[in-house]
Amino acid sequence: MPQPKAQNKGRILYDDGIVVMRRVRQAAPVDSIVVTFPGYDQTDITLPGFGETLLHGAGYDLICVQKRSNNGYQSMSREAFDKAVKPTLSRYRRICFYGTSVGAYAALYFGRGQRADILSLSPATACTPSMPRSWAGAGHRARPSRMSRWRRARAGRSA
């Protein structure tokens, strides 16, 4: 079943040509906001953001982080993210970062240091240009030696 098209709700907080952040508000003021990050294959920014329909319907304000391509949110620095969202987040008592897959990784990465709860469902453990493209294929099994090399690289040690 096709998803409904977004009604261009919200105000753009950030747009670098790949990543777009859009604030969606309730009609009346609320004290809670959810920052959502979509998974790997959700790249149509004309659709509602990840969880937008459900969460907005449940009474939450949102910042929907969306992307035009699968770049693992690498076009946006943590500093650029903080600058874009800080004025908005400071108005809320309760803040939650929410994502799945690569979006779950982004929720952890961009939520670090924020005054927020983080709901990170099945996060991708590496979100770098060197992530094997074969992970997109069904049935791929990671070899322990390769996983060890990635862990060392993330920790700043040579492979």
Side-chain angles (χ1 to χ4, degrees), residues 1-26 30-137 140 142 150-151 153-154:
M1 177 187 329
Q3 289 186 335
K5 291 289 183 182
Q7 299 173 359
N8 293 325
K9 296 188 320 182
R11 181 173 70 88
I12 302 296
L13 300 177
Y14 177 88
D15 187 343
D16 67 11
I18 297 174
V19 175
V20 177
M21 288 193 286
R22 187 172 43 86
R23 180 179 179 198
V24 181
R25 298 173 59 184
Q26 296 291 323
V30 297
D31 69 349
S32 301
I33 189 166
V34 180
V35 182
T36 67
F37 298 87
Y40 180 77
D41 62 346
Q42 298 166 326
T43 58
D44 187 347
I45 66 166
T46 66
L47 295 175
F50 176 67
E52 179 178 349
T53 304
L54 175 72
L55 294 166
H56 192 259
Y60 295 98
D61 280 1
L62 300 164
I63 294 177
C64 297
V65 182
Q66 295 179 280
K67 53 196 171 53
R68 293 180 175 98
S69 68
N70 293 317
N71 76 340
Y73 301 96
Q74 292 183 30
S75 64
M76 179 174 56
S77 69
R78 188 178 288 144
E79 293 78 18
F81 177 85
D82 289 344
K83 182 178 178 183
V85 302
K86 188 175 182 175
T88 299
L89 295 182
S90 67
R91 300 176 188 155
Y92 293 88
R93 186 175 64 83
R94 294 175 45 210
I95 302 165
C96 180
F97 282 53
Y98 171 46
T100 184
S101 184
V102 72
Y105 176 89
L108 291 168
Y109 179 79
F110 292 109
R112 179 179 173 216
Q114 300 284 346
R115 178 186 50 86
D117 295 317
I118 299 175
L119 180 56
S120 178
L121 304 176
S122 191
T125 57
C127 213
T128 63
S130 62
M131 178 182 277
R133 297 199 186 282
S134 60
W135 281 12
H140 174 74
W150 291 331
R151 278 195 289 274
R154 281 200 330 257

Gap between atom NZ of K86 and atom CG of L13 - 0.5 Å precision:
15.0 Å
Minimum heavy-atom separation for G39 to V102, with atom names?
C-CG1, 3.6 Å
Between R94 (side chain only) and D31 (backbone N and O only), is there a donor and an acceptor less than 3.5 Å apart?
no
Determine whether R68 and D15 make a side-chain contact, defined as any pair of heavy atoms from C-beta on separated by less than 4.5 Å.
yes
Ring-ring centroid check Y98 F50, cutoff 6.0 Å
yes
What one should report as the nearest heavy-atom pair of R115 and R93 is NH1-O, 3.1 Å
Stepwise side chain to side chain contact (heavy atoms under 4.5 Å, CB included) test for L55 and T36
CA-CA 10 Å; L55 294 166; T36 67; 3.8 Å; yes
Within this structure, what is the CG-NZ distance for the pair D41 and K67, rounded to the nearest 0.5 Å?
7.0 Å
Measure across E52 and C64 and return the closest heavy-atom pair with its distance rounded to 0.1 Å.
OE1-SG, 3.7 Å
Would you give the length of the straight line joining atom CG of L62 to atom CZ of R23, rounded to the nearest 0.5 angstrom?
10.5 Å
Is the shortest heavy-atom distance from the side chain of I33 to the side chain of T88 under 4.5 Å?
yes
If I compare all heavy atoms of A104 with all of L121, which pair ends up nearest, and what's the gap?
CB-O, 3.4 Å
Have a look at F110 and tell me which of Y105, Y14, F81, F97 forms a ring-ring contact (aromatic ring centres under 6.0 Å, His included) with it.
F81
For residues R91 and D61, determine if any side-chain heavy atom of one lies less than 4.5 Å from a side-chain heavy atom of the other.
no
So for atom CZ, which belongs to R112, do other residues, nucleotides or ligands contribute more than 12 heavy atoms lying within a distance under 6.0 Å?
no
If I take atom NE2 from residue H56 and atom CZ from residue R25, how far apart are they, to the nearest 0.5 angstrom?
10.0 Å
Nearest heavy-atom contact between A107 and G99 is CB-N, 4.1 Å
Is Q114 close to L89 at the side-chain level, that is, under 4.5 Å between some pair of heavy atoms?
yes
Residues V19 and S75: closest non-hydrogen pair is CG2-OG, 3.4 Å
Suppose we call two aromatic rings close when their centres sit under 6.0 Å apart. Are F37 and Y73 close by that rule?
yes
